[in-house]
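Every heavy atom of this structure was used, including side-chain atoms; hydrogens, water molecules and symmetry mates were not.
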Amino acid sequence: MAYERILLGMGNPLLDISAVVDEDFLNRYDIKLNNAILAEEKHLPMYEELATKYNVDYIAGGATQNTIRVAQWMLQIPGATSYMGSIGKDKFGEEMKKNSKAGGVNVQYYEDETAPTGTCAVCVVGGERSLIANLSAANCYKSEHLKRPENWALVEKAKYIYIAGFFLTVSPESIQLVAEHAAAHNKVFSMNLSAPFICEFFRDAQEKALPYVDYIFGNETEARTFSKVRGWETENVEEIAVKISALPKASGTHKRITVITQGSDPVVVAEDGKVKLFPVILLPKEKLVDTNGAGDAFVGGFLSQLVQEKSIEECVRAGCYAANVIIQRSGCTYPEKPDFN
């Protein structure tokens with residue numbers, strides 16, 4: 001099987017500015033742990049404070065980009081993955097290009113002249129993280145970039161496409177274009193619930209994309225928000241996963257499979273009205289460095305096996321492996337080679 005450009009991701013490329021902070025810092029900026037939000041006016045001074053007063057790591061991030069980088073790392077096949085999104089023409093943008101190319105991903109960034117490269121503050125307390133994204137240039141992605149022949153060629157080449165829900169805030173039109181293409185050409189299209197605020201405030205865009213989604217990923221908090229917004233009156237993650245997988249589909253070629261992670265609790269997989277639970281690899285608390293990117297890494301590991309047409313069991317096992325590696329390191333980073341077998 002040819003793996004060249006088999007997996008395509010589209011999303012919001014953000015340079016992660018990651019630092020260990022204290023409770024006082026969180027309180028001052030009104031930040032909750034284990035949450036992902038878009039930066040408001042009150043958060044803007046925080047980026048400068050992190051960069052000047054804390055020991056920060058800069059890592060090429062953004063949810064979809066993390067997933068694609070991890071999938072590429074797991075596959076160890078040069079050029080297996082591609083990624084599109086928007087960056088600024090600045091030093092952070094250059095840093096991002098260097099970072100991604102070093103990871104073997106074929107990146108095709110739209111470079112915006114007017115806005116700086118997007119950043120994401122990753123505030124870590126006791127190994128748990130909170131994400132505050134300042135999208136800037138990432139917010140400027142246009143479907144015109146996607147339609148350029150050299151970029152659309154990547155869509156045509158890919159057999160698997162993955163987009164995190166965060167991209168619904170930027171270019172729902174681009175999502176529809178690739179979703180419809182995937183359905184028409186019997187390709188596998190996957191998305192992520194990504195954050196409670198996406199399920200709450202971008203419901204319309206999410207509803208439009210959902211019929212095309214073959215694999216939907218999320219965590220337990222996002223699943224419960226999804227349920228609440230739809231008035232399903234259940235907090236039971238297994239029930240919610242089944243309900244999501246049973247929502248209408250635009251193409252009958254693939255059934256929908258819902259995959260919900262729950263931190264250290266088992267991964268919930270729902271298909272055909274049934275649920276399977278898969279235990280995760282438990283990590284002693286003292287080995288936990290930082291949960292940032294754990295969910296993205298899980299999806300990256302999962303997709304690395306899916307594109308090889310492995311079983312769901314193998315996909316979940318690879319997802320759990322990748323997440324376990326990532327949470328023992330700072331940011332969404334990994335050793336040179338995986339030892340997954």
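Note that the OG1 atom of T253 and the CG atom of N186 stand 4.5 Å from one another [nearest 0.5 Å]. Rounding to the nearest 0.5 Å gives a distance of 8.0 Å between SG of C332 and CD1 of I59. For the atom pair CD1 of I198 and CD of E222, the computed distance is 9.0 Å after rounding to the nearest 0.5 Å.
Within the 4.5 Å cutoff, no side-chain heavy atoms of M10 are placed close to those of T64. Taking 4.5 Å as the limit, every side-chain heavy atom of V280 sits out of range of all side-chain heavy atoms of F298. Between V188 and L306, the closest side-chain pair of non-hydrogen atoms falls below 4.5 Å. The side-chain heavy atoms of L14 and L135, taken from C-beta on, include a pair separated by under 4.5 Å. By the 4.5 Å heavy-atom criterion applied to side chains, D16 and D57 are not counted as neighbours. K255 places none of its side-chain heavy atoms less than 4.5 Å from the side chain of K249.
Side-chain atoms of R256 never come within 3.5 Å of backbone atoms of A246 as a donor-acceptor pair (strictly under, hydrogens ignored). A donor-acceptor pair is defined here as one N or O able to donate and one able to accept, closer than 3.5 Å; such a pair exists between the side chain of R203 and the backbone of V229. The backbone N or O of I77 sits less than 3.5 Å from a side-chain atom of Q72, completing a donor-acceptor pair. Under the 3.5 Å distance criterion, the side-chain polar atoms of S311 are matched with a main-chain donor or acceptor of E314. Distance alone, capped at 3.5 Å, is enough to place a donor-acceptor pair between the K142 side chain and the C140 backbone. Here the side chain of S136 pairs no donor or acceptor atom with the backbone of A115 at under 3.5 angstrom.
When hydrophobic clusters are built by joining Ile, Leu, Val, Met, Phe, Trp and Tyr residues whose side-chain heavy atoms come closer than 4.5 Å, directly or via intermediates, I216 is not grouped with Y162.
Taking the six-membered ring where the residue is Trp, Y109 and Y83 present perpendicular rings, their angle passing 60° and hence far from 30°.
Remark: E207 engages R230 in a salt bridge, criterion side-chain N to carboxylate O under 4.0 Å. We find that E144 and R148 are not joined by a salt bridge, their nearest charged nitrogen and carboxylate oxygen being 4.0 Å or further apart. Comment: D24 engages R28 in a salt bridge, judged by a side-chain N to carboxylate O separation of less than 4.0 angstrom.
Few gaps surround CD on E286; more than 12 heavy atoms of other groups in view lie less than 6.0 Å from it. No more than 12 heavy atoms of other residues, nucleotides or ligands shown are found within 6.0 angstrom of NZ on K53.
A cation-pi contact, defined as under 6.0 Å to the ring centre and within 45° of the axis, is absent between R317 and Y321.
Using modelled atom types and a 3.5 Å distance limit, the side chains of N12 and Y141 yield no donor-acceptor pair. There is no side-chain donor-acceptor pair under 3.5 Å between D112 and S86. Side chain to side chain, H145 and N151 meet the donor-acceptor criterion of an N or O pair below 3.5 Å.
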